[in-house]
Amino acid sequence: MEETARDAADRLEARLAAARAQRAALLRSTESLRAARGLSVDDDEHDPEGSTLSLDHAQQRALLASAERTVAELVAARQRLVEGTYGRCEACGGAIPAGRLVALPEARRCVPCLTVRAAR
Ligand SMILES: [Zn+2]
């Protein structure tokens, strides 16, 4: 079975839909946490209380930030697919193995390049 650009596009779309759904769910629960604390939607930086609710809120924000990164990475990957650079390692220019792209469609680097970077 050969890996085609069509397969990659389908996979990216599916992941993107899932990531957007997750982000939307997190946004909703973040909103209800804010409502529970009686804060306006605009006031998200100032938190005078060190309550359990604000801890939940911090975790919620971290999850939301991570979901937003995933969405952004997937959108960027889709753009690379359009430009014809998808599946190419941005560090060494080599091909990222298909297995890695199946596991992580938004991968920008091959595993050896990731390892080198992490070791620094
Ligand atoms: Zn590489």
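Just follow the structure's listing: the first ligand is 1, and inside any ligand the first atom is 1. Source: prediction; values computed, not measured.
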Closest heavy-atom contact between [X] and [Y]?
| X | Y | answer |
| --- | --- | --- |
| Arg88 | Gly93 | NH1-O, 2.9 Å |
| Leu74 | Leu12 | CD2-CD2, 3.7 Å |
| Leu26 | Leu63 | CD1-O, 3.6 Å |
| Leu114 | Arg100 | CD1-NH2, 2.9 Å |

Report the C-alpha distance between Ser29 and Gln60 in whole Å, list the side-chain angles of each, state the deciding distance to 0.1 Å, and finish with yes or no for side-chain hydrogen bond (donor to acceptor under 3.5 Å, both in side chains). CA-CA 8 Å; Ser29 46; Gln60 201 72 34; 2.7 Å; yes
Which residues and atoms, counting only protein N, O or S, are under 2.8 Å from the Zn ion (ligand 1)?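 Short answer, with waters excluded from the count: Cys89 SG, Cys92 SG, Cys110 SG, Cys113 SG.
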Worked check of salt bridge (charged side-chain N to carboxylate O under 4.0 Å, His left out) between Arg6 and Asp10: CA-CA 6 Å; Arg6 187 68 245 167; Asp10 288 347; 2.9 Å; yes
